[in-house]
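Here is the structure we will look at, set down as structure tokens.
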Amino acid sequence: MRSAASILHLDLDAFFAAVEQRDKPSLRGKPVVVGGVGPRGVVSTASYEARVFGVHSAMPTHEARRLCPNAAFLAGRFRAYRASSAIVMGLLHELSPLVEPLSLDEAFVDLAAGPTTDFSPDAVRALADGLRARVHERTGGLTASVGIGSSKFIAKVASELAKPDGVRVVEPGTEADTIADLPARAIPGVGPATMERLARLGVRTVADIRGLSHGELVRELGRASGEWVHALAFARDERPVVAEREAKSISVEDTFETDITDRAELDAVIDRDARIVAERLARSGLFARTVTLKAKRPDFTILSRSLTLNGATDRPEVIIRVARGLLDGVPIETGFRLLGVGVANFTEAAQEELFEPDAAGAVVQSVTGTEIPDTANPTPTRDADPTIRPRWRPGFLPGVDVHHDEHGAGWVWGSGLGRVTVRFETADTVPGPVRTFSTDDPALHLTEA
DNA sequence: TCTGGGGTCCTAGGACCC
DNA sequence: TCTGGGGTCCTAGGACCC
């Protein structure tokens with residue numbers, strides 16, 4: 001926590017709905033609900049006119065329709081939202097180079113990293129008013145709420161208190177008092193489950209948390225969460241504003257209008273999602289080592305299966321093959337309401353860390369790496385497939401190349417120069433046994449799937 | 001007519017290595 | 001021969017956020 005109120009949090013009011021009302025004058029002053037419009041959709045944003053009826057974010061759309069049948073229900077126009085968001089983020093960058101977007105409609109700004117020198121309450125209030133006026137003008141009428149405080153937590157609480165269309169500055173020294181009477185739920189990271197546990201300890205407000213010992217909280221909530229909640233209850237928050245955070249995962253998922261049981265249909269969903277994931281990977285110039293399959297059962301329980309490859313990939317056929325393999329190990333009789341494919345564990349191509357020593361201590365090629373000399377085993381027995389991009393040579397692709405011998409069939413798990421790891425498929429389990437072959441082992445029979 | 005999609009972080013157990 | 005601790009990686013699930 002700083003001594004000056006130098007962290008700003010901006011939150012656009014009912015953002016998606018406000019953009020719709022701005023662009024369609026007939027919707028102004030009327031309830032607007034943006035979100036999933038299908039039978040299993042949920043509300044993303046409700047305009048303030050719709051909130052009067054009890055409609056709010058994350059509510060099932062069918063319930064919103066029941067509460068407010070006269071509202072306009074819209075699926076959302078993300079291109080328009082991104083455009084307005086970019087204008088606002090640009091305005092924030094005029095205040096400081098250190099801007100941390102949290103979503104399209106929200107960001108932190110570290111004013112101390114910019115030209116601002118006067119952090120007196122009056123000065124930062126004037127700064128926030130100027131910012132809000134520019135947002136309104138440059139976006140064609142959108143309103144924003146702005147909070148300023150000595151930490152991220154306090155700035156965010158302040159913008160919440162300022163809503164809608166207002167400013168709130170929490171003066172240094174008044175932080176603990178400001179949050180004392182808020183529900184414990186106001187602490188980020190305290191959701192329904194944590195709130196339930198805290199309630200059992202008699203906690204309702206932030207101040208109530210202060211009555212518990214550090215040890216009690218850690219015992220009840222676990223190490224990380226306990227310490228976090230304890231610190232924030234006393235308004236202790238040292239998190240820096242971080243401008244650019246690198247993505248750690250990419251995923252695509254679909255909720256179906258009716259549950260799907262059919263394997264072929266599930267495979268088709270995997271294919272579609274995996275191709276989108278691969279496209280986004282390639283566009284980011286990233287390669288992923290871990291593929292995850294996610295499924296939601298009719299009873300809403302979520303199941304996930306993941307597999308980490310020896311090498312990284314951005315190829316759709318690899319992601320598809322791995323994801324389908326993961327589905328093999330999952331009972332599908334009850335059907336799923338959602339299926340999704342994700343990737344994680346990113347590397348960038350042709351970087352040194354992609355080369356790893358093999359069992360013998362020699363350096364071998366990772367599947368995304370560039371070939372490097374291996375004097376111990378200089379000759380891969382198979383030429384590079386010309387359809388495979390150069391970085392893949394000598395080109396045994398995890399999940400694509402298939403091995404077949406008298407012990408059964410399997411697919412390539414990973415490959416380095418001079419070795420190929422094969423995972424055998426078994427009748428009822430994934431993963432099956434794994435075996436590593438030398439590339440000149442006559443028992444190794446590889447074909448492309 | 002039941003409850004999205006895109007993420008992040010944490011926990012816990014097992015494998016494996018030193 | 002037995003015991004054992006620490007560290008890292010992987011996997012599965014859960015909580016949470018916008």
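For the numbers below, each heavy atom of this structure counts, side chains included, while hydrogens, waters and symmetry mates do not. Reminder, nothing fancy here: chain letters follow the sequence lines and each chain counts from 1.
- When atom types are taken as modelled, the side chain of D299(A) and the backbone of T301(A) share a donor-acceptor pair closer than 3.5 angstrom.
- Separating the CZ atom of R245(A) from the P atom of dG6(B) is a distance of 19 Å, rounded to the nearest angstrom.
- For K156(A), the listed nucleotide lying nearest its side chain is dC18(C); candidates were dC18(C), dT11(C), dG7(B).
- Note on S249(A): a side-chain N or O is less than 4.0 Å away from OP1 or OP2 of dT8(B).
- Using a distance-only test at 3.5 Å, with no hydrogens or angles considered, a donor-acceptor pair links the side chain of S159(A) to the main chain of K156(A).
- A straight line from CD1 of I276(A) to C1' of dG6(B) spans 13 Å, rounded to a whole angstrom.
- Of the residues near DNA chain B, A58(A) and K248(A), the one whose nearest nucleotide (by heavy atom distance) lies more toward the 5' end is A58(A).
- A straight line from CD1 of I187(A) to P of dC17(C) spans 11 Å, rounded to a whole angstrom.
- Within the 4.0 Å cut-off from OP1 or OP2 of dT3(B), not a single side-chain nitrogen or oxygen of T61(A) is found.
- Atom CG in D299(A) sits about 13 Å away from atom C1' in dT3(B), given to the nearest Å.
- With dG13(C), dC2(B), dC16(C) as the candidates, the nucleotide lying closest to the side chain of P192(A) is dC16(C).
- Position along DNA chain B of the nearest nucleotide to S251(A) versus R66(A) favours R66(A) as the more 5'-ward residue.
- Atom CZ of R200(A) has more than 12 neighbouring heavy atoms from other residues, nucleotides or ligands inside a 6.0 Å radius.
- In terms of modelled atom types and a separation under 3.5 Å, the side chain of R210(A) and the main chain of A233(A) share a donor-acceptor contact.
- A donor-acceptor distance shorter than 3.5 angstrom exists from the side chain of D208(A) to the backbone of T205(A), with no hydrogens or angles considered.
- Rounded to whole angstrom, the span from the CG atom of L293(A) across to the C1' atom of dA12(C) amounts to 13 Å.
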task = Decide yes or no on side chain to side chain donor-acceptor pair (under 3.5 Å) for R168(A) and S145(A), but give the supporting numbers first.
result = CA-CA 8 Å; R168(A) 175 71 185 264; S145(A) 297; over 6 Å; no
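- When heavy atoms are screened at a 4.0 angstrom cut-off, R305(A) is found touching the sugar-phosphate backbone but no base atom.
- The side chain of S304(A) sits closest to dA12(C) out of dC16(C), dG6(B), dA12(C).
- Side-chain atoms of R132(A) come within 3.5 Å of backbone atoms of A144(A) as a donor-acceptor pair (strictly under, hydrogens ignored).
- Residue-level contact check: K296(A) touches the backbone only, with heavy atoms under 4.0 Å from sugar-phosphate atoms and none from bases.
- Judged by the 6.0 Å distance and 45° axis criteria, R82(A) is not positioned over the aromatic ring of F78(A).
- The CZ-P distance, from R197(A) to dT11(B), rounds to 11 Å in whole Å.
- Using C1' as the reference atom, dC16(B) and dG4(C) are 15 Å apart when rounded to the nearest Å.
- Residue G191(A) is in sugar-phosphate contact alone, with no base atom involved, counting any heavy-atom pair closer than 4.0 Å across all strands shown.
- With DNA chain C read from its 5' end, the first of the two nearest nucleotides for S306(A) and T194(A) is the one closest to S306(A).
- Contact annotation for S57(A): no contact, since no heavy-atom pair falls under 4.0 Å across all strands.
- Here V252(A) lies in heavy-atom contact (under 4.0 Å) with sugar-phosphate atoms only.
- Relative to the six-membered ring of F73(A), R65(A) meets both conditions, a distance below 6.0 Å and an angle of at most 45° to the axis.
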Derivation of the side chain to side chain contact (heavy atoms under 4.5 Å, CB included) call for D11(A) and D105(A) = CA-CA 6 Å; D11(A) 200 330; D105(A) 68 337; 3.8 Å; yes
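- Applying the Watson-Crick and G-U wobble criteria (two distances, each under 3.5 Å), dC18(B) pairs with dG5(C).
- Within residues 217-239 of chain A, the residues approaching DNA chain B are R223(A), A224(A), by heavy-atom distance under 4.0 Å.
- Between the side chain of R138(A) and the main chain of V88(A), no donor-acceptor pair closer than 3.5 Å is present.
- Glycosidic conformation of dC2(C): anti, with the torsion beyond 90° of 0.
- Atom CZ in F336(A) sits roughly 16 Å away from atom P in dG4(B) (whole-Å rounding).
- Across all strands shown, dA12(B) is found opposite dT11(C) as a Watson-Crick or G-U wobble partner, with both distances under 3.5 Å.
- OP1 or OP2 of dG4(B) has at least one side-chain nitrogen or oxygen of R337(A) nearer than 4.0 Å.
- A sub-4.0 Å separation between OP1 or OP2 of dG4(B) and a side-chain N or O of K294(A) is absent.
- Note on R40(A): every side-chain N or O is 4.0 Å or more away from OP1 and OP2 of dG4(B).
- Residue-level contact check: R289(A) touches the backbone only, with heavy atoms under 4.0 Å from sugar-phosphate atoms and none from bases.
- With dC2(B), dG5(B), dT11(C) as the candidates, the nucleotide lying closest to the side chain of H62(A) is dC2(B).
- Note on E253(A) versus K294(A): salt bridge recorded, some NZ/NE/NH1/NH2 to OD/OE distance being below 4.0 Å.
- R65(A) places its CZ atom 13 Å from the P atom of dT3(B), with the value rounded to the nearest Å.
- Near-neighbour residues of DNA chain C inside residues 78-109 of chain A, defined by a heavy atom below 4.0 Å, number-ordered: S103(A), D105(A), E106(A).
- Nearer to the 5' terminus of DNA chain C, by closest-nucleotide assignment, is the contact made by N345(A) (compared with the other of P188(A) and N345(A)).
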